[in-house]
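First the structure, in the form of structure tokens, and then the observations on it.
Sequential numbering from 1 along the given sequence is applied to the chain's residues. Keep in mind that this is a model prediction, so the values were computed, not measured.
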Amino acid sequence: MKNLFKKRLLLCLIGIFSISVFGLYAQNGGDGMKFAEELSRVLENGSLEQALELFKNMPPSLAGDSDFQALHASLLLSAGQVKQAGEIAEKLLAANPEDTGILELNFMIAKKEGNKAEKSKFIKQILAKDPYNASANIELADEQALKKNWRNARDYYKKALVSDKDNTEALFGYGKMCYYMEKDKDAKDAFNRLIELEPENPQGNAYLAKYAAENSSYREALDYINKAIMYEPENIDFYFDKGTYLRYTGDYAGAEKCWKKAVSLEPDYFLGYAYLAGLYDEQNKVDLALENYRKVVEKNPKYYYAYESLGMFAWKKGSYEEAQKAFEEALKKNPDSISYKLMICACMYKRNKTADIRTFTEQLMKKLPDRQGLEYKLVRMYHDRGGDGDVANNIQKETNRTKKGKYLFYLALYYELTNKQSLAVKYYNEVTAMESPMFFEYRLARWATGLE
């Protein structure tokens, strides 16, 4: 990857000024040829710092050469020496105000400085001379992509490809925008062309892996993503993807290894823990699932999707205070959820918070307008510790399968909390008999009956 980067850099720098390598070699006689050869060798096998050292001992005959000065400025810019690059670029622009390559150099420096007005000015000047200029159109495309204006970004990348059909940056951008727009053929064509030009391009391989996986070709997807990881071994997104593909092949251990690697690379990023929590959840590894759900909300308290699962597993472990807090957080994000309200009630029951239960359920009943509705009657049942016969009759009339399953669960849970175990088992069994995992209470019912 190191050598590939240097090759790209060399070609990019020379390409900016529309001068071929051989053209550089031929310029300025022997001095120009010798210096260009040495510069090419150092960029290929050495470092930017070594390349910059060459310019300190540049032959006097080349000191005023604008092409070599532009290369010098570009190398300084690549090395992060923006001020020094800007000083050279400013002088070059004064002497060559119509030179497109010099304008490109100045726009890159303005971009690096964060000077949006100057950058925009130079881009307009470039496009006035060359509407399909690759660098300018790619920059405009990148701006649109950041704003999630996929169509506009795609069109700018496409314009860049008109003047430079093998520009790998434009090909990748075009392919990615088409991917987001679900223009799958165009996207795949772009990514395939990209890896033809750069077989070691990690992103091109990663996106082709996504397409293979979408077609359930997981082995092919793994071949692509393994190449991506080979060329960019610390990209956590690749490990997320590889873990997903392995999971779909049934390789749980491999998926776990990938997602643990992602966590090791960025231990403060919540998503790796979320992947692991889901994997352990699926395998009913309660302790590990709970540990990782805790990590998810620790690293990203705003990721409310995890609170429901955290509440479930804390409930299973008997950590009722933790479960209650988790369901309270979930309720903040979904304040109409009867499930979270009743699970909070249940946690209070388990914690013997009798006064809290009455206060909480009174508040809930005030906010439920339909006093004949089943949700109101369920809350009142938990408040009054009675009325379960009416609730049971009304549940049988419910036609929505998911709602009926939820309501049956909370009736069963009520009986469990009030020590009426035979009735609890009866209604839990009705829930599990539905074989419908579309609501989280189904899982709780399976746990309650010992099915998991």
- Query: Hey, does the side chain of Asn215 reach the backbone of Ser217 with a donor-acceptor pair shorter than 3.5 angstrom?
  - Reply: no
- Verify whether one side chain among Tyr428 and Glu416 offers a donor that lies under 3.5 Å from an acceptor in the other. yes
- Would you kindly say whether Glu328 and Tyr307 are connected by a side-chain donor-acceptor distance under 3.5 Å? no
- Message: Before you tell me yes or no, could you show the steps for Asp356 and Arg351 under salt bridge (charged side-chain N to carboxylate O under 4.0 Å, His left out), namely the whole-Å CA-CA distance, both residues' side-chain angles and the distance that decides it to 0.1 Å?
- Response: CA-CA 10 Å; Asp356 290 349; Arg351 298 174 63 214; 5.7 Å; no
- Aromatic ring pairing Tyr414/Tyr382, orientation class (parallel under 30°, perpendicular over 60°, tilted between): perpendicular
- Query: Between the side chains of Tyr132 and Asp164, does any donor sit under 3.5 Å from an acceptor?
  - Reply: no
- Would you check, one step at a time, whether the test side-chain hydrogen bond (donor to acceptor under 3.5 Å, both in side chains) holds for Asp142 with Tyr157? CA-CA 9 Å; Asp142 289 346; Tyr157 287 126; 2.4 Å; yes
- Query: Are any of the side-chain heavy atoms of Asp287 and Lys317 separated by less than 4.5 Å?
  - Reply: yes
- Task: Any chance you could measure Phe122, atom CZ, to Ser135, atom OG, to the nearest 0.5 Å?
- Result: 14.5 Å
- Message: Which heavy atom of Ser74 sits nearest to which heavy atom of Leu105, and what is that distance?
- Response: OG-CD1, 3.6 Å
- Task: Name all residues meeting the ring pair (Phe, Tyr, Trp, His ring centres under 6.0 Å) criterion together with Phe313; count only those two or more places apart in sequence or in a different chain, and write none if there are none.
- Result: Tyr293, Trp447
- Pairs satisfying side-chain hydrogen bond (donor to acceptor under 3.5 Å, both in side chains), at least one member in residues 187-197, at least two apart: Asp166-Arg193, Lys185-Asp189, Arg193-Glu196
- Task: Determine whether the side chains of Asn133 and Glu104 contain a donor N or O and an acceptor N or O closer than 3.5 Å.
- Result: yes
- Got a donor-acceptor contact below 3.5 angstrom from the Arg401 side chain to the Met434 backbone? yes
- Between Phe240 and Tyr275, what is the ring plane arrangement, given parallel below 30°, perpendicular above 60°, and tilted in between? parallel
- Under 3.5 Å, side chain of Asn115 to main-chain N/O of Ser120, donor-acceptor pair present? no
- Please examine the side chains of Tyr245 and Lys210, heavy atoms only from C-beta on, and report whether any two atoms are closer than 4.5 Å. yes
- Give a yes or no answer on whether the side chain of Tyr410 reaches the backbone of Met343 with a donor-acceptor pair at less than 3.5 Å. no
- Query: Quick one: does Asn149's side chain have a donor or acceptor within less than 3.5 Å of a partner on Asn152's backbone?
  - Reply: no
- Parallel under 30°, tilted from 30 to 60°, perpendicular over 60°: which one fits the rings of Tyr207 and Tyr179? perpendicular
- Task: Flag the pair Tyr427 / Phe409 as yes when their ring centroid distance falls below 6.0 Å, and as no otherwise.
- Result: no
- Item | Side-chain H-bond candidate by donor/acceptor type, Tyr252 with Glu282, under 3.5 Å | yes
- With Glu139, which of Lys159, Lys119, Lys116 fulfils salt bridge (charged side-chain N to carboxylate O under 4.0 Å, His left out)? Lys119
- Query: Is the Tyr320-Trp315 ring centre distance short of 6.0 angstrom?
  - Reply: yes
- Side-chain donor or acceptor of Glu398 paired with backbone N/O of Asn400 under 3.5 Å: yes
- Message: Less than 4.0 angstrom from a charged side-chain N to a carboxylate O is my criterion; do Glu298 and Arg294 meet it?
- Response: no
- Query: Is the shortest side-chain N to carboxylate O distance from Lys295 to Glu291 below 4.0 Å?
  - Reply: no
- Contacts of Lys332 that satisfy salt bridge (charged side-chain N to carboxylate O under 4.0 Å, His left out) - sequence neighbours left out: Glu329
- Keeping the roles fixed (side chain from Ser309, backbone from Ala306), state whether a donor-acceptor pair exists under 3.5 Å. no
